[in-house]
Protein chains: 4
Amino acid sequence: MAVRSEQSHRAILEATMMLLDERQPEALTVQRLSIERIAKEAGVSKTTIYRWWQSKAALIIDTFLDNHVARTPVREDIPALDALREHLGSLAEIYSGREGRLVAQLIAECQYDALTMNEFKERFWLPRSHAVNSLIERAMDEGTVRSDLAPEIIAELLYAPLYFRLLFQIDPLDRDIASRFLTAGLEGIATRAAH
Amino acid sequence: MAVRSEQSHRAILEATMMLLDERQPEALTVQRLSIERIAKEAGVSKTTIYRWWQSKAALIIDTFLDNHVARTPVREDIPALDALREHLGSLAEIYSGREGRLVAQLIAECQYDALTMNEFKERFWLPRSHAVNSLIERAMDEGTVRSDLAPEIIAELLYAPLYFRLLFQIDPLDRDIASRFLTAGLEGIATRAAH
Amino acid sequence: MAVRSEQSHRAILEATMMLLDERQPEALTVQRLSIERIAKEAGVSKTTIYRWWQSKAALIIDTFLDNHVARTPVREDIPALDALREHLGSLAEIYSGREGRLVAQLIAECQYDALTMNEFKERFWLPRSHAVNSLIERAMDEGTVRSDLAPEIIAELLYAPLYFRLLFQIDPLDRDIASRFLTAGLEGIATRAAH
Amino acid sequence: MAVRSEQSHRAILEATMMLLDERQPEALTVQRLSIERIAKEAGVSKTTIYRWWQSKAALIIDTFLDNHVARTPVREDIPALDALREHLGSLAEIYSGREGRLVAQLIAECQYDALTMNEFKERFWLPRSHAVNSLIERAMDEGTVRSDLAPEIIAELLYAPLYFRLLFQIDPLDRDIASRFLTAGLEGIATRAAH
DNA sequence: CGATAAACGAGACGGTACGTCTGGTCTTGTG
DNA sequence: CACAAGACCAGACGTACCGTCTCGTTTATCG
């Protein structure tokens, strides 16, 4: 009996997002964000948070997924290569803002704790990975992508530069650069003569 | 006048490395490593550490560089493409062990603090980046790499998968996979017909 | 409709006594004993406890009276002074064990809350007090105790040393010391010449 | 090096006394008084309190002794019996007010923890006990008190009624009742014929 | 004998406080 | 005057209970 209070649940997720929102004055990083602060902000007791989330990172993954409404869809009505370009472009766009900072900090948290890494991979990376692998397989079927490489390798090769930019913050992320990375990856960077 | 005690300096760096060494029982992550603990281990007062390092991350970067003796050399006596393959391979090898974990955690720290990010990029990334850019330019001169792309873009494209694996820990890093990523990057993943 | 569950009632009293029983390993004091713990131990919900007892102390008084079977009788078949000696002796004996610790802790609880004090006095002290006052009045009638002092004053004078020992735990309580206190109180501690 | 801050020390003692002072609105009992609250009131961190006091009770004993300036002196310039009457009277007077409530609550705390009991006896009861035993021995020398009873027994007999009233709060404490208890104790409550 | 209202177990909830820990600053000698 | 030693304020940690509050689920009369 006694069932979870949906009201508290929502208040917690919203307070968390609010505190992490960099558009706020004095925005917090995931590291500086404390359960204590979330509880106070949400008008909820710490117990309630600890009851439902095992760690701060688990809560933040939930918050992220909860707010990740503007997804990066994988279109099925256009050629796979075009869908890939569209998908990478929208990902770059999304990651260029506060959601990007959040993902970067989530990845950072994963470096400190194996359980967080696990949860992150299962709930965030795997679903996306599956969608992308399917897309690449479709491209192979359509004959636009080499089928002598594992789709996973191809996925990593194409996605890695976006995460590299996200985490190293050397140059900005946008649709254009995502597109250029894709083109370079498709064509290869060797001169023709080198083959 | 009294000048910086070299003895304390070394003791601090060594204590830091020792505490982070995963071969120790109860190895610490960068996050769990505390200044307090380092001070105790080094037989030094906290004041002394705070006097010379602005943040925990700055100290850890120093520690890392201090210990990063077995570097990944960029050979000049062989074709640039071979040197590139060698370099990426040795990087993958090094990053597959505890030094990899440390770099990953340093990158994580950077997500929380702009100053740390700055210091990391200037002291760690830039020197490596310069070496690699030169190498790519040499490859262009040698006619093995396309010269219609910026060297920085190419560098990102080739290095990103290694860091992706380092940070996502999906599959292991080794010389072989590094080599395969390089080959795929060079050849391109599109079918010839797609061009 | 629906009437108090005698089963729950008993389970609560027994769980309480069990948790307070110092013969148990990890015996609890009244202070450390929590309603939560009693509920779990009794297999009862907290609500049920709160429904029937206004405070922890009220429950403990009930528990105490429930278990206080081996009472200290006031005999009527012997001279009042002998009955008094017998009564004080058996009280000392009982208070020297775990029941004494419990009474001491009940008295402690009373120092923090006027309602507890009230309940304690009404249910524990008053009945005993009445019996003792009657006994002292009988002694007066029998001509063995001065009748120029209020019986209440005499009662306090004779009982106080037992409670003093119970609460200060300086020296142990037993029949012998109770008897010596009574004798001293009866005879007075002044030399005859001082009168 | 690094030495205790006398300023913090005083602030803590004063905050504690202030919070326990029943002349304040919303006075606290020892039980309800929290370290957290004291720290806030004193403008001090909890760490500082925990550094110097092992338990709440230890702090409160310190606070009590610190404030117990208006002591109950044992006069030496008058007959021992008069000094005894004076001493018991002033004790009763003091215990009738807020200091009495504090002592009562300290005694209550002792019922829950052996270490507190120890500290209380050593720092509070023993010094007083010594003074009183000397006084009783003086009375014996002066020939006003029987010397066939141990001074400790006599001390308990005379002091117990005051503590009994303090803890049971049946009737008020004052100089007069203290004096009457003393007289009754000296004379004995038995009729002369009973001897 | 079936309706109904209470008592019940379960346990979530907002709170308070616990005692511990670390961060970063400040103070006090020592060499 | 750099240093060790370590006290200090600040505040988060995760836990234990508090007393209140739904929730269904017995259960025992009463209409």
Side-chain angles (χ1 to χ4, degrees), chain A residues 1-9 11 31-40 42-56, chain B residues 1-5 7-9 11 31-40 42-56, chain C residues 1-9 11-12 31-40 42-56, chain D residues 1-9 11 31-40 42-56:
Chain A
M1 346 281 157
V3 95
R4 180 170 194 166
S5 154
E6 204 44 48
Q7 192 180 319
S8 296
H9 188 190
Q31 194 162 74
R32 271 197 282 274
L33 180 67
S34 70
I35 298 281
E36 205 118 351
R37 189 70 199 287
I38 295 172
K40 173 176 283 183
V44 138
S45 81
K46 280 200 293 176
T47 324
T48 301
I49 299 181
Y50 283 111
R51 191 176 355 256
W52 300 108
W53 288 277
Q54 176 205 33
S55 70
K56 188 168 72 176
Chain B
M1 281 300 146
V3 94
R4 177 171 193 164
S5 154
Q7 191 180 322
S8 296
H9 187 193
Q31 192 162 74
R32 270 198 285 272
L33 179 69
S34 71
I35 298 281
E36 208 115 356
R37 192 81 158 65
I38 295 172
K40 171 177 281 184
V44 139
S45 81
K46 281 200 292 177
T47 328
T48 304
I49 299 180
Y50 282 112
R51 200 187 330 271
W52 301 108
W53 287 277
Q54 175 206 32
S55 70
K56 186 167 73 177
Chain C
M1 345 279 147
V3 96
R4 178 170 194 163
S5 154
E6 204 44 46
Q7 191 179 321
S8 295
H9 187 192
I12 292 166
Q31 191 162 74
R32 270 198 284 273
L33 179 68
S34 70
I35 298 281
E36 207 118 352
R37 192 82 156 66
I38 295 171
K40 172 176 282 184
V44 139
S45 83
K46 283 199 291 177
T47 325
T48 303
I49 299 181
Y50 283 111
R51 195 185 339 266
W52 300 110
W53 288 277
Q54 175 206 32
S55 70
K56 187 168 71 178
Chain D
M1 345 280 152
V3 95
R4 180 170 194 166
S5 155
E6 204 44 48
Q7 191 178 321
S8 296
H9 187 190
Q31 193 163 74
R32 269 197 284 273
L33 180 67
S34 71
I35 298 282
E36 205 118 349
R37 189 72 197 287
I38 295 172
K40 173 176 282 182
V44 138
S45 82
K46 281 199 293 177
T47 324
T48 302
I49 298 180
Y50 283 112
R51 195 184 342 265
W52 301 109
W53 289 276
Q54 178 205 30
S55 69
K56 188 168 72 177

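Sequence lines set the chain letters: A, B, ... in the order given, protein chains first and strands last, and positions in each chain run from 1. Note: hydrogens, waters and symmetry copies are ignored here, and every other heavy atom, side chains too, is used.
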Revision key, fill the gap. Tightest non-hydrogen contact, residues C:Thr48 and C:Ser8, listed as CG2-CB, 4.4 Å
Check your understanding: OP1, OP2 of E:dC13 versus side-chain N and O of A:Trp52: anything below 4.0 Å?
Key -> yes
**Study point:** OP1 or OP2 of F:dC9 under 4.0 Å from side-chain N/O of D:Ser8
**Key:** yes
Study note, to complete from the structure: Heavy-atom closest pair (D:Ala42 atom, D:Ala11 atom, distance to 0.1 Å) is CB-O, 3.5 Å
Practice item. Do nucleotides 18-25 of chain E as a string where each nucleotide becomes B, S or -: B if the base has a protein heavy atom under 4.0 Å, S if just the sugar-phosphate does, - if no protein is that close. Key: BBBBSBBB
Check your understanding: Can you check whether C:Arg51 has a side-chain N or O nearer than 4.0 Å to OP1 or OP2 of E:dC8?
Key -> yes
Check your understanding: Taking all atoms of both residues into account, what is the closest heavy-atom pair of A:Val44 and A:Ile49, and its distance?
Key -> CG1-CG1, 4.0 Å
**Study point:** More than 12 heavy atoms of other groups within 6.0 Å of A:Arg32 CZ
**Key:** no
**Study point:** Side-chain touch C:Ile12/C:Trp53, heavy atoms, less than 4.5 angstrom
**Key:** yes
Review point. So, do C:His9 and C:Glu6 sit near enough that their side-chain heavy atoms are less than 4.5 Å apart?
Key: yes
Check your understanding: Which atom pair, heavy atoms only, marks the closest approach of D:Ser45 to D:Ala39?
Key -> C-CB, 4.2 Å
Practice item. Nearest whole angstrom, please: distance from the P of E:dA17 to the NZ of A:Lys40. Key: 14 Å
Practice item. When you get a sec, tell me which of E:dA7, E:dA10, F:dC9 is the closest nucleotide to the side chain of C:Ser45? Key: E:dA10
Review point. Quick one: does D:Lys56's side chain have a donor or acceptor within less than 3.5 Å of a partner on D:Leu33's backbone?
Key: yes
Review point. Just how far, in rounded Å, is P of E:dT27 from CD of D:Glu6?
Key: 17 Å
Review point. Roughly how many Å is it from CD1 in B:Ile49 to P in F:dG6, rounded to a whole number?
Key: 15 Å
Review point. Separation of D:Ile38 atom CD1 from E:dT16 atom P, in whole Å?
Key: 17 Å
Point to revise | Rounded distance (Å) that lies between atom P of F:dC8 and atom CZ of D:Arg4 | key: 7 Å
Check your understanding: Considering the terminal five base pairs at each end of the helix from E:dC1-F:dG31 to E:dG31-F:dC1, what angle separates the two local helix axes, rounded to 10°?
Key -> 10°
Revision key, fill the gap. Heavy-atom nearest nucleotide on DNA chain E taken for C:Ser5 and for A:Val44; more 5' hit belongs to C:Ser5
Practice item. Answer yes or no: does a side-chain N or O of A:Thr48 lie under 4.0 Å from OP1 or OP2 of E:dG14? Key: yes
